[in-house]
2 protein chains.
Amino acid sequence: MITIKDIANAAGVSHATVSRVINNGPKVGDETRKRVKQVMQELGYRPNANARALVTQKHSALGVVVAELLDPFFATLAHGIDSVARQQNIQLLMSAGSIEKDTELQAIDTLMQHRCEAMVVHSKALDDDTLIEFAGQIPGFVLINRYIPQIAHRCVWLDNTAGGKVMTQHLLDLGHRKFAVISSRYQIDDPSERLQGIRNTLHAAGLTLDDSHIEYSSPDQKGGEHAMRHLLARGVDFTAVLAYNDAMASGAMTTLSDHGLQVPTDASIVGFDDVLLAKYCHPKLTTLHYPIEMMAVKAAELALAYARGEPTSTTHTYKYTPTLVKRDSAAQVHPR
Amino acid sequence: MITIKDIANAAGVSHATVSRVINNGPKVGDETRKRVKQVMQELGYRPNANARALVTQKHSALGVVVAELLDPFFATLAHGIDSVARQQNIQLLMSAGSIEKDTELQAIDTLMQHRCEAMVVHSKALDDDTLIEFAGQIPGFVLINRYIPQIAHRCVWLDNTAGGKVMTQHLLDLGHRKFAVISSRYQIDDPSERLQGIRNTLHAAGLTLDDSHIEYSSPDQKGGEHAMRHLLARGVDFTAVLAYNDAMASGAMTTLSDHGLQVPTDASIVGFDDVLLAKYCHPKLTTLHYPIEMMAVKAAELALAYARGEPTSTTHTYKYTPTLVKRDSAAQVHPR
DNA sequence: TTGTATGCGTTATCAT
DNA sequence: ATGATAACGCATACAA
C-alpha cells in the first residue's frame with residue numbers, strides 16, 4: 001500500500017505538506033498543491049483510514065445497531081440511515097443482532113472499540129441506565145424507537161399510545177362496538193403502550209376491553225394465526241380486531257378465512273406498521289403508517305450532528321405519530 | 001479513553017506484557033496474566049481497534065457492498081452475511097449503494113481505505129476488468145451473484161440459465177404451449193441468461209418464442225403491471241407467463257385481475273426469487289427459489305477464509321441452482 | 001517470563 | 001509556504 005511518504009518522495013516535498021494537501025490545508029503553494037495532487041493520482045494513493053482515526057481519536061463512521069435485517073421494518077430503518085450516510089459520504093458500521101441483552105451490549109462495545117462517535121441504536125433489551133451511561137460516553141449516541149426522559153433529546157420515537165388511539169377511533173367511527181385485540185407477548189413497551197391507547201379510547205366511548213378479548217402471541221404471521229385461532233376457539237364475540245402489527249393482522253386474516261369468515265364483512269381488522277405486506281395481502285390491510293424511514297433519517301442526522309459537536313437543541317425531543325392508512329380490511333360494521 | 005499504558009501502570013507491568021495478555025500471547029506468567037486481566041476488567045479497558053488495524057496493517061471487519069437494503073432480496077443477502085459475521089465475531093462494514101458505477105466504485109474504495117481485507121461485493125455496474133483488478137489487490141475479495149471466469153474461485157453465483165429452463169419445463173409439463181415473457185430492462189446479465197434458458201427449453205420442445213411475446217419493463221411491481229397491460233393491449237395470445245421475478249409476477253397478476261382474468265384458470269404465471277411476497281400475494285406464486293441466504297453465507301465464509309490466507313480450493317467455483325416451488329399460480333393448461 | 005525500543009500512517013505543533 | 005518532529009495506541013522483534 002502506498003503511503004503519504006511515498007507521495008512526499010515522489011513529489012519532492014515533506015510528508016507534512018502532503019498531509020496539508022490532503023486535508024485542504026490553508027498554507028500550501030498553488031504550484032506544490034497541484035504537483036502533489038498529480039502524484040497522488042498517478043500512484044493511486046488511498047489514505048489509511050485507520051491511521052487517521054488513530055491520530056484523530058475518532059472514527060468518522062456512523063454506527064448502526066439493529067435487531068434483524070430480514071425484518072422489512074428494520075430493512076426500511078437501515079435504508080433510511082444508509083441514505084443519509086451516503087449523502088454525507090460516511091461509512092456505515094453495521095451491527096445487526098438479535099434482541100438479546102448480551103448481543104446488543106456486544107454490538108455497542110465493538111462500535112466503541114472503533115472509537116465510533118456517531119451511532120443510531122435500536123435497543124429493546126438494554127435497560128435505561130445502561131443506555132443513559134452510553135449516551136454520556138458517546139457524543140453522537142442516538143436511540144431510535146425508544147424514549148428515555150433523561151436523554152430525551154437523543155431519542156427518536158413513535159407515539160404508540162396515539163397509534164392505539166387512532167386505530168381504535170377509526171373502528172369506532174365505523175360503528176364497531178365489539179373488539180378483540182391481538183397483542184405481542186415478546187417486546188415490552190410498544191405493545192403495552194398501544195394497548196393503553198386502545199383502552200383509553202374505548203373508555204372514552206363508554207366501552208371496556210375485557211382481558212378475555214386480548215390474545216397475546218409472537219409478533220409475526222404465525223403468532224397472528226395462532227392468536228386468532230384462540231379467539232375463535234374461545235368463542236369471543238367481536239366485529240373488529242386490533243392487531244399489534246401487519247404480520248399478525250395478516251396471519252389473523254388467514255385463520256379467519258380458514259374458518260369461512262370474510263374480512264371485512266364478518267370482521268374488520270386493522271394492522272400497524274404499514275410494511276409492504278400490508279399492500280400485498282388480501283384484502284389489503286387498513287393499517288397505521290409507521291414513518292420509520294423518516295425517523296431513521298432524523299436519527300442518523302442527529303447522531304452525526306451531535307458527533308460533530310454541532311449545537312443541536314438539547315431540549316427538543318423527536319416524537320413521531322403514526323397515521324391511518326385506509327385500505328380494505330376495515331369497513332362499516334355489518335349487522336349480523 | 002483508557003489505554004494499554006494505563007493498564008500497564010495500574011498492574012505494575014510493561015505495556016508489552018499487557019499487549020501479550022490481550023492477544024493471548026504465549027509467554028506470560030499465570031500470575032501476571034490474571035492480574036492484568038483483573039485490572040482491564042476494573043478499568044473497563046477497550047482496545048483501540050484503529051490502532052490495532054494500523055499496526056497490523058489490516059482491518060478485521062467484513063466489508064459488504066450491496067445495492068439496496070430495502071429490497072427484500074438484498075435484505076436476505078445481508079442477513080446471511082450478518083449471520084456468519086456474528087458467529088465469527090466480526091464487524092460488518094456495510095456500504096449500500098445504488099446500481100451505479102461510481103457508487104459501487106466509491107463503496108469499494110472506502111472499504112479499501114479502511115484496509116478491509118475481506119469483502120463480499122454485489123456488483124452489476126462494474127466491468128470484469130475492474131473487478132478482476134480488485135480481486136488481485138484484496139485477499140478476501142468475493143463476488144456474489146456474478147461469474148467471471150478469470151476469478152471463478154471468488155464467485156458465488158446462480159445458474160440463471162438453468163432457472164429459465166426449470167420454470168419453462170414446468171409449464172410445458174402442465175401442457176402449456178403458448179408463452180409470454182415479462183423480462184427486465186435494467187439489469188444486464190440475469191435477464192438475458194434466464195431468457196436464454198427459456199428459449200433453449202422451448203426450442204427443445206419444438207417451440208419458438210417470438211419477440212412480440214416478450215415485454216420488457218422495470219423489475220418491480222409496477223413494471224409487472226405495465227408489462228402485462230402491454231401484452232394484453234397488443235393482443236398477444238398466451239396461456240402461461242414467465243416473469244423475471246416475483247415482484248413483476250405479482251404486478252402482472254394485478255393487471256390480469258383488473259382485466260377480469262383469473263390466475264391460474266385463464267393464465268398460469270411463474271415468478272423467480274421466492275421472496276416473502278410470493279407467499280403473501282394472491283394466489284400464492286409458483287416460483288423459483290433463489291437460495292440467496294445460503295449463497296451469502298458461503299460468500300462471507302469464503303471472503304473471511306481468503307482474507308485469513310486459508311488454503312481454500314482455487315479451482316472450485318460456487319454455482320447454485322434455483323429450485324421450483326410449486327404453489328398456486330401455475331396449473332394445468334385450461335382449454336378455452 | 002518480562003521489559004525496551006521501534007514503527008505502523010497520519011495529523012498537528014513547532015520552527016524555519 | 002514548507003519541513004522537522006512528536007504523538008496517537010498498539011504489536012512485536014530483540015534484550016535481559
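Residue numbering restarts at 1 for every chain, and letters A, B, ... go by the order of the sequence lines.
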Asks: Is a side-chain donor or acceptor of Lys124(B) paired with a backbone partner of Asn145(B) at a separation under 3.5 angstrom?
Replies: yes
Asks: So, the side chain of Glu68(B) versus the backbone of Leu70(B): is there a donor-acceptor pair under 3.5 Å, distance only?
Replies: yes
Asks: Side chains of residues 55-66 of chain B: which donor-acceptor pairs under 3.5 Å do they make with residues two or more places apart or in other chains?
Replies:
unit_1	atom_1	unit_2	atom_2	d
Thr56(B)	OG1	Arg52(B)	O	2.3
His59(B)	ND1	Asn50(A)	OD1	3.4

Asks: Taking salt bridge (charged side-chain N to carboxylate O under 4.0 Å, His left out) as the definition, give me every residue that meets it alongside Arg33(A), ordered by chain and number, with sequence neighbours left out.
Replies: none
Asks: Could you tell me how far apart Lys58(A) (NZ) and dT11(C) (P) are, to the nearest whole angstrom?
Replies: 14 Å
Asks: Nearest whole angstrom, please: distance from the C1' of dT2(D) to the NZ of Lys34(A).
Replies: 20 Å
Asks: Are any of Thr32(A)'s side-chain N or O atoms less than 4.0 Å away from OP1 or OP2 of dT2(D)?
Replies: yes
Asks: So, for Tyr320(A) and Tyr290(A), is the gap between ring centers shorter than 6.0 Å?
Replies: no
Asks: Which whole-number value in Å describes the distance from His114(B) NE2 to dG9(C) P?
Replies: 16 Å
Asks: Over how many whole Å does the gap from Arg33(A) atom CZ to dG3(D) atom P extend?
Replies: 14 Å
Asks: Show each protein N/O and nucleotides 7-11 of chain D N/O combination with a separation under 3.5 Å, one pair to a line.
Replies:
unit_1	atom_1	unit_2	atom_2	d
dC8(D)	O3'	Gln57(A)	NE2	3.1
dG9(D)	OP1	Gln57(A)	NE2	3.0
dC10(D)	OP1	Tyr45(B)	OH	2.4
dC10(D)	OP1	Asn48(B)	N	3.0
dC10(D)	OP2	Ile4(B)	N	2.5
dA11(D)	OP1	Asn23(B)	OD1	3.2
dA11(D)	OP1	Asn23(B)	ND2	3.3
dA11(D)	OP1	Arg52(B)	NE	2.8
dA11(D)	OP2	Ser19(B)	OG	2.9
dA11(D)	OP2	Asn23(B)	ND2	3.4
dA11(D)	N6	His15(B)	NE2	3.0

Asks: Calculate the interatomic distance between Lys27(A) atom NZ and dA15(C) atom P; express it in whole Å.
Replies: 16 Å
Asks: Find out whether the Lys NZ or Arg CZ of Arg154(B) is both under 6.0 angstrom from the six-membered ring centre of Phe141(B) and within 45° of the ring's axis.
Replies: no
Asks: Could you work out, with salt bridge (charged side-chain N to carboxylate O under 4.0 Å, His left out) as the rule, every residue matching Arg86(A), not counting sequence neighbours?
Replies: Asp82(A)
Asks: So for the helix from dT1(C)-dA16(D) to dT16(C)-dA1(D), with five pairs setting each end axis, what is the inter-axis angle to 10°?
Replies: 40°
Asks: The criterion is side chain to side chain contact (heavy atoms under 4.5 Å, CB included); which residues satisfy it with Lys34(A), sequence neighbours excluded?
Replies: none
